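Taking it in order: structure first as C-alpha cells, then the write-up.
In this text, all values refer to a predicted model and were calculated from it rather than measured experimentally. Only heavy atoms go into these numbers, but all of them, side chains included; no hydrogens, no water, no symmetry mates.
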Amino acid sequence: MNLEAVYHRAKLNWSYAYDDRTLHIRIRTKKADMKQITLVYGDKYDWSKANSEVQMVRLASDAMFDYWEASAQPAFRRVVYFFALNDGESMVYFQESGFFEVPPVIFYEGLFDFPFLNPVDVHTPPAWVKKAVFYQIFPERFANGDSTLDPDGTEDWGGTPTPHNFFGGDLQGIIDHLEYLASLGINAIYLNPVFEGTTNHKYDTQDYFKVDPHFGTNDKLKELVKACHKRGIRVLLDAVFNHCGHTFKPFVDVMENGLSSAFADWFHIREWPLTVKDGVPTYDTFGFEPIMPKLNTENAEVKEYLLKVAKYWIEEVEIDGWRLDVANEVDHAFWREFRNTVKAVKPDAYILGEIMNDALPWLLGDQFDAVMNYPFTKACLDFFAHDRIGAGQLANKLTGQIVGYPKQVNEAAFNLLGSHDTARLLTLCGGSTERMKLATLFQFTYPGAPCIYYGDEIGLNGKQDPDNRKCMEWDPQKQNGALLAFFKQTIRLRQQYSALQDGALTFLQDQVNDRNLIYERRDEQDQFVILINNSEHRSAFRSTIAEGVWTDLVSNSLVITLKGQLNWDLPPFGYAILHKEVNR
C-alpha cells in the first residue's frame with residue numbers, strides 16, 4: 001500500500017457541496033493500488049445519532065493516480081469523516097491527523113471535517129448552461145446589415161483583414177441572420193465587445209454605457225436581445241473591466257491634468273507624466289499596450305462605476321450574462337462584489353471568466369460560474385490537430401481537469417476549440433475537415449457547454465490575429481455544405497440526449513492502438529460509447545464495454561458485444577457513436 005500517494009484535504013475540489021443536501025468527497029491513491037475504499041462519516045457532536053458508510057467508486061484514473069468519489073447526505077448538514085483503505089491485503093484508516101492501523105474511537109478529534117453545508121456557499125451555475133450550445137460572434141466581421149453605419153474607409157466585405165481595417169459588421173447584420181443560427185441549433189451567443197471604442201475589436205472601451213455607433217444603438221442591441229430570446233437564444237456580452245481605452249473620459253482627464261486629475265487614482269500610475277519609455281508605458285496596461293490602461297478596481301469610484309455597468313445592461317437590455325476579459329488580472333474582491341451585483345438582478349445570469357490556466361480560486365461559488373476552458377482546448381488540439389499526444393495522454397490531461405474541479409464546474413465549463421485569440425480550427429488541423437470533425441464531435445460529446453467560433457461550421461480558415469477574424473462567408477456556393485451539415489447533425493445529437501450534456505464520463509482504453517479514442521457518456525436513460533480513429537489508417541478497435549446490443553448512430557447498424565468485448569473497425573479519421581438505452 002503506497003501511502004505516499006494518498007491525498008485528501010477538506011473543501012475545495014476534494015470535499016464540496018454539490019447541492020444544498022449533498023456532499024461529494026474525493027480521495028487520490030496510487031494507480032491500481034487500492035481494491036476498495038470506504039468513506040465513514042457521521043455527526044461530530046453525537047456519532048451515535050447519525051453515522052454511515054459508503055463504498056467509494058473510482059471516478060477517474062490518469063497515468064499515476066486513481067481518483068475515488070462518494071456522495072454523502074449528512075442528516076444534520078455537518079459531518080466528520082475518515083477513509084478505510086483496503087489494498088486486498090491490509091487495511092489502513094486515513095484521517096486528517098494521519099494514517100492508523102485501527103479505526104478512530106473518538107469522532108470529534110482528528111477526523112476530516114466539513115463543518116456545515118450552508119446553502120449560500122453552494123456553487124450553483126445556471127442550469128441552462130448545461131444545455132447550451134454557444135456561438136461566438138466578432139460583430140465587425142459577421143454581417144453588414146446597415147451600411148449607413150459604416151465608418152469612413154470601410155472596405156468591401158470579404159477583403160483581407162488587418163489589425164486596423166473595417167468591413168461594416170453591425171448588430172443589424174446579426175439580427176438578419178438569427179434564423180441561420182436557429183437552424184444551426186444555436187441557443188446561446190457570445191458577442192465580442194459592442195461598446196464604443198476606436199478599434200475594430202472594441203477592447204479599448206470609450207463609453208461603457210453606449211453601443212458603438214458603427215454597430216448601432218442601445219435600442220438596436222435591445223432589439224437584438226429580444227429577437228434572440230424569442231428564438232430561445234441567450235445572449236452573453238463581453239465585459240472589459242481589467243482595462244479601458246485611451247479615449248475613456250477619465251483617462252483623457254488624467255492625460256490632460258496629470259496628478260491633479262480627479263481620476264488619478266482610477267489607474268495604476270508608476271511614474272508621472274504618462275508616457276511610453278522604450279516600449280513600456282509608465283502606467284499599467286493590458287500587456288504593454290498604451291491604448292489600454294489598466295483600471296484600479298480597488299478604487300471605490302471605479303468599483304461603483306463598473307458595477308453600475310454590469311447591472312445596467314442586464315436591467316435595460318436583459319442580457320443573460322457576462323464574459324469577463326483578462327479576468328485573472330482583476331482582484332478577487334472586485335469579482336465577489338461583481339457576482340453579488342449581477343446575481344441580485346438576474347440569479348441565472350452566466351458569469352464567465354477568461355482564464356487560460358487552472359482557475360479553481362475563481363470557481364468556488366463566490367466569483368465566476370465558469371471559465372473559458374483553454375486547457376481543454378490545448379489538450380484537444382494536441383491530439384486531434386497536431387498529433388503531439390496519444391489517446392491515453394489526452395485522457396490523462398482531461399482527467400486531471402475533471403478531478404481538479406467540482407462536478408458542477410465541469411458541467412458549466414465553456415469548451416472552445418478556437419476563438420478570436422487563436423488560429424482557426426481548420427487551419428490548425430492543416431486544412432483537414434476530417435480532423436476538424438473529430439475534434440468537434442469530441443467537443444460536443446464532452447461535459448460542458450461547447451462554443452463554435454463564427455464561420456468554423458462553414459469552413460472559414462485563418463492563422464493568428466488578424467487572419468482569424470475574416471468576414472463571415474454568406475454565399476452558400478462558397479461554404480462547405482458537408483461540414484455545415486455535420487455541425488447541424490452533431491448539435492442535434494447533443495441536444496437530443498441529456499447523457500451527452502451532463503451524463504457521467506469514462507475514458508475507455510483501447511487494448512492495441514493509442515490513436516483510438518474510446519469514451520463513454522451515460523445517464524439513467526441512455527448510454528453512449530464513442531469511437532474515434534484519429535489516424536490516417538484503417539483501425540481495429542478492441543476494448544471492454546458493457547455487454548448488449550448497441551446501435552451505431554452513424555452507420556445505423558447494430559453492434560453486439562459478447563461478454564463485453566468490443567471488436568469494431570473504422571476507416572481513417574472515422575468515428576462511430578454506439579448507443580443503447582440503459583437496462584434495455
Side-chain angles (χ1 to χ4, degrees), residues 134-152 154 166-178 181 188-252 292 295 301-325 338 341-346 348-352 420 454:
F134 278 92
Y135 189 89
Q136 180 188 350
I137 294 176
F138 194 83
E140 217 285 320
R141 303 293 160 79
F142 189 64
N144 188 334
D146 185 353
S147 60
T148 65
L149 305 177
D150 291 357
D152 293 340
T154 295
F166 294 86
F167 294 99
D170 51 41
L171 298 181
Q172 184 61 53
I174 300 173
I175 293 172
D176 292 343
H177 291 91
L178 286 181
L181 296 180
I189 60 174
Y190 149 46
L191 299 176
N192 287 106
V194 298
F195 306 129
E196 188 172 24
T198 65
T199 60
N200 54 35
H201 54 70
K202 308 302 177 188
Y203 280 99
D204 61 325
T205 312
Q206 176 174 307
D207 189 337
Y208 285 86
F209 290 96
K210 181 182 178 183
V211 168
D212 191 284
H214 297 153
F215 292 162
T217 63
N218 291 17
D219 285 340
K220 182 58 69 173
L221 180 59
K222 185 179 295 187
E223 179 185 342
L224 168 60
V225 172
K226 185 176 180 180
C228 285
H229 287 172
K230 183 178 179 180
R231 293 166 173 81
I233 299 173
R234 312 252 184 176
V235 180
L236 203 66
L237 293 188
D238 213 324
V240 191
F241 290 168
N242 174 69
H243 56 271
C244 61
H246 67 295
T247 56
F248 182 51
K249 288 183 179 179
F251 186 72
V252 172
M292 296 181 182
L295 290 161
E301 293 178 346
V302 173
K303 283 196 294 185
E304 181 182 9
Y305 177 87
L306 295 179
L307 294 178
K308 282 183 179 179
V309 172
K311 184 178 179 181
Y312 175 83
W313 293 102
I314 294 176
E315 289 183 330
E316 294 297 317
V317 181
E318 299 184 1
I319 65 168
D320 300 288
W322 290 102
R323 181 265 189 185
L324 309 171
D325 191 55
F338 176 87
T341 298
V342 168
K343 295 294 185 176
V345 179
K346 193 165 194 172
D348 71 342
Y350 185 43
I351 301 177
L352 173 68
H420 66 290
Y454 80 97

Minimal non-hydrogen separation, D170 against G145, with atom names: OD1-N, 2.9 Å
I'd like to know if the side chain of Q136 and the backbone of Y454 have a donor-acceptor N/O pair within less than 3.5 Å. no
Measure the NZ-OG1 distance between K222 and T217 for me, rounded to the nearest 0.5 Å. 9.5 Å
Could you tell me if the side chain of F209 sits less than 4.5 Å from the side chain of E196, heavy atoms only? no
In the structure I gave you, are the side-chain heavy atoms of V317 and V235 within less than 4.5 Å of one another anywhere? no
Quickly, which of F241, Y312, W313 forms a ring pair (Phe, Tyr, Trp, His ring centres under 6.0 Å) with F195? Name it, please. W313
Is the closest side-chain heavy-atom distance between D320 and H229 below 4.5 Å? yes
Just checking Y203 against H420, ring centres under 6.0 Å apart? yes
Could you pull out the closest heavy-atom pair between V252 and H246, with the gap in Å? CG2-O, 3.5 Å
Using a 3.5 Å distance criterion without hydrogens, assess whether the side chain of N218 forms a donor-acceptor pair with backbone atoms of V211. yes
Considering non-hydrogen atoms only, spot the tightest contact between A310 and F338 and give its length. CB-CE1, 3.3 Å
Which atom pair, heavy atoms only, marks the closest approach of C228 to L178? SG-CD2, 3.7 Å
If you define the side chain from C-beta out and look only at heavy atoms, does anything of R234 sit under 4.5 Å from D348? yes
To the nearest 0.5 Å, what is the distance between CG on D152 and OG1 on T154? 7.5 Å
Go through the steps for R141 and N200 under the test side chain to side chain contact (heavy atoms under 4.5 Å, CB included), then give the verdict. CA-CA 9 Å; R141 303 293 160 79; N200 54 35; 3.1 Å; yes
D238 CG to I137 CD1 distance, which is reported to the nearest 0.5 Å: 13.0 Å
Determine, stepwise, if the pair N242 / D325 fulfils side chain to side chain contact (heavy atoms under 4.5 Å, CB included). CA-CA 7 Å; N242 174 69; D325 191 55; 5.7 Å; no
CZ (R323) and OH (Y350) are apart, to the nearest 0.5 Å, by 11.5 Å
Going from OH on Y305 to CZ on F248, what distance comes out if it is rounded to the nearest 0.5 angstrom? 4.0 Å
Count the heavy atoms of every other residue, nucleotide or ligand shown that sit under 6.0 Å from NZ of K311, and state whether that count exceeds 12. no
CZ/R231 to CG/L181 distance, rounded to the nearest 0.5 angstrom? 9.5 Å
In the structure I gave you, are the side-chain heavy atoms of K343 and I351 within less than 4.5 Å of one another anywhere? yes
Are any of the side-chain nitrogens in K220 or E223 under 4.0 Å away from the carboxylate oxygens of its partner? yes
Heavy atoms of Q206 and T198 approach each other most closely as OE1-CG2, 4.2 Å
Can you find a heavy atom in the side chain of K308 that is under 4.5 Å from one in the side chain of Y208? no
Side chain to side chain contact (heavy atoms under 4.5 Å, CB included) between D204 and V240, worked out: CA-CA 8 Å; D204 61 325; V240 191; over 6 Å; no
Do the non-hydrogen side-chain atoms of L352 and Y190 ever get within less than 4.5 Å of each other? no
Smallest separation among heavy atoms of W322 and L236, with atom names: N-CD1, 3.3 Å
Step by step, would you call K202 with N192 a side chain to side chain contact (heavy atoms under 4.5 Å, CB included)? CA-CA 8 Å; K202 308 302 177 188; N192 287 106; over 6 Å; no
